[in-house]
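Here the structure comes first, spelled out in structure tokens, and everything after it is commentary.
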Amino acid sequence: MFPAPIQRSAPWVQVTYKLLLPVALILWLLPLIGIAVTSIRPSSDLAAGNYFGLPSRFAGVENYMAVFENSNIGWYILNSFKVTIPTVIGAVGLSCLTGFALAVYKFRLNLLVFFMFVAGNFVPFQILAIPVRDLTVKLGMYDTITGLVLFHIAFQTGFCTLFMRNFIKALPFALIESARVEGVSEWKIFWNIVLPLMRPAIAALSVLIFTFIWNDYFWATIMAQSADVRPVTAGMNELKGQWKVAWELITAASIIAALPPVAMFFLMQKHFIAGLTLGATKG
């Protein structure tokens, strides 16, 4: 069941909704607004305790330029792309195949295999930190882009398989049966019939996984130590001094680091919403 549209509610409910919605929006955006304002403050404002007032002068260009001058953030952003893009391709690609197999084929261990994919999503990452680190060290993949990519693909494929399997389950099975009657091979059924119908789900899942991996901090600090491998979320630690934290630079770096996933969402917004809402309404 879905909530009734606000237009069908009582007049007092509509008025209350219109009054509370802007308040909720401002409260939700307040931390982001605070970060954005801090990123354009001069360091003298923060030293004087001006944390919440208007900046004494605009120092945005100065702060954002200093981020690139005082850290390797450009290289860290490139590292994030090196980790995130292969992970999205690998996890989404594998989940298309596993989701198709679990949704279409009926075999004795179907539910057990599906459970194994899903069960990994409920294990806290903190419990796995030491075993995963030791495993990557033994395999010679510790502190490497390849190690990070393979690790993320392994962990994200479970959630992606759950997403894809449920999506394929909602597709009309008569299309697959008709193709089988015509003698079409299973691979061609997947590639020419099912995969084109999965485009909205692939787009939605790609945006989600891109955001998850790009914003990852826990594994970026555990499995990446050198500047050659460290993603941007872990690389921003360079902006912390020994005796002073340059909050104006850290907030500016945070805005810069947040731009790729935000751009990804707006570029894929139409497909993202279509993938999440498909099947939510009657045709």
Side-chain angles (χ1 to χ4, degrees), residues 76 79-170 198 201-226 229-237 254 257-258 260-261 264-265 272 275-276 279:
Y76 296 145
N79 286 342
S80 290
F81 277 114
K82 289 180 180 179
V83 172
T84 304
I85 293 177
T87 299
V88 171
I89 295 173
V92 174
L94 282 174
S95 66
C96 288
L97 296 170
T98 54
F100 175 77
L102 292 172
V104 173
Y105 301 124
K106 305 298 181 183
F107 51 93
R108 183 178 300 176
L109 299 179
N110 185 296
L111 290 178
L112 177 61
V113 174
F114 179 60
F115 174 78
M116 292 176 63
F117 274 104
V118 177
N121 296 312
F122 298 98
V123 179
F125 285 163
Q126 293 81 356
I127 295 177
L128 302 174
I130 295 176
V132 167
R133 180 187 178 278
D134 291 344
L135 178 62
T136 54
V137 170
K138 291 179 180 178
L139 294 175
M141 292 184 178
Y142 182 72
D143 198 28
T144 63
I145 295 291
T146 303
L148 273 172
V149 170
L150 293 178
F151 165 79
H152 283 305
I153 289 175
F155 271 81
Q156 295 300 325
T157 299
F159 168 75
C160 294
T161 297
L162 170 65
F163 189 96
M164 287 299 185
R165 184 253 190 188
N166 293 339
F167 185 90
I168 296 172
K169 275 278 190 183
M198 294 169 61
I202 292 173
L205 197 57
S206 297
V207 174
L208 288 175
I209 300 304
F210 186 96
T211 304
F212 292 162
I213 303 305
W214 185 275
N215 293 332
D216 171 69
Y217 177 77
F218 182 77
W219 293 112
T221 55
I222 290 178
M223 297 183 62
Q225 297 296 323
S226 64
V229 179
R230 194 177 298 151
V232 66
T233 49
M236 285 192 295
N237 283 328
S254 300
M264 175 76 169
F265 173 78
F272 177 75
L276 293 182

Is the shortest side-chain heavy-atom distance between [X] and [Y] below 4.5 Å?
X	Y	value
Y217	N237	yes
T157	F117	yes
F212	I209	yes
N79	V232	no
L102	V113	yes

Which heavy atom of [X] sits nearest a heavy atom of [Y], and at what distance?
X	Y	answer
A224	R230	CB-CA, 4.0 Å
R165	F114	CD-CE1, 3.6 Å
V149	K82	CG2-O, 3.8 Å
L148	W219	CD2-O, 4.2 Å
A129	I222	CB-CD1, 3.8 Å
Q156	A91	CB-CB, 4.0 Å

Given 3.5 Å as the limit, does a donor-acceptor pair link the side chain of [X] with the main chain of [Y], or not?
X	Y	value
D143	S226	yes
W214	A257	yes
N215	T211	yes
T233	D216	yes
T136	R133	yes

Are there over 12 heavy-atom neighbours, none belonging to F107, within less than 6.0 Å of that residue's CZ? yes
Would the number of heavy atoms belonging to other residues, nucleotides or ligands and lying under 6.0 Å from CG of L112 be above 12? yes
Residue pair M164, V92: steps toward the side-chain contact (heavy atoms from CB on, under 4.5 Å) verdict: CA-CA 9 Å; M164 287 299 185; V92 174; 4.2 Å; yes
Classify the angle between the aromatic ring planes of F151 and F155 as parallel (below 30°), tilted (30 to 60°) or perpendicular (above 60°). tilted
Evaluate the ring planes of F100 and Y105, with Trp represented by its six-membered ring, and classify them as parallel (under 30°), tilted (30 to 60°) or perpendicular (over 60°). perpendicular
Verdict with reasoning, Y142 to Q225, per side-chain contact (heavy atoms from CB on, under 4.5 Å): CA-CA 9 Å; Y142 182 72; Q225 297 296 323; 3.1 Å; yes
Under the criterion side-chain contact (heavy atoms from CB on, under 4.5 Å), I'd like the reasoning laid out for V88 against I213: C-alpha separation, chi angles, the key distance, then a yes or no. CA-CA 8 Å; V88 171; I213 303 305; 5.5 Å; no
Sequence neighbours excluded, every pair satisfying side chain to side chain donor-acceptor pair (under 3.5 Å) that has a member inside residues 87-104: T98-T161
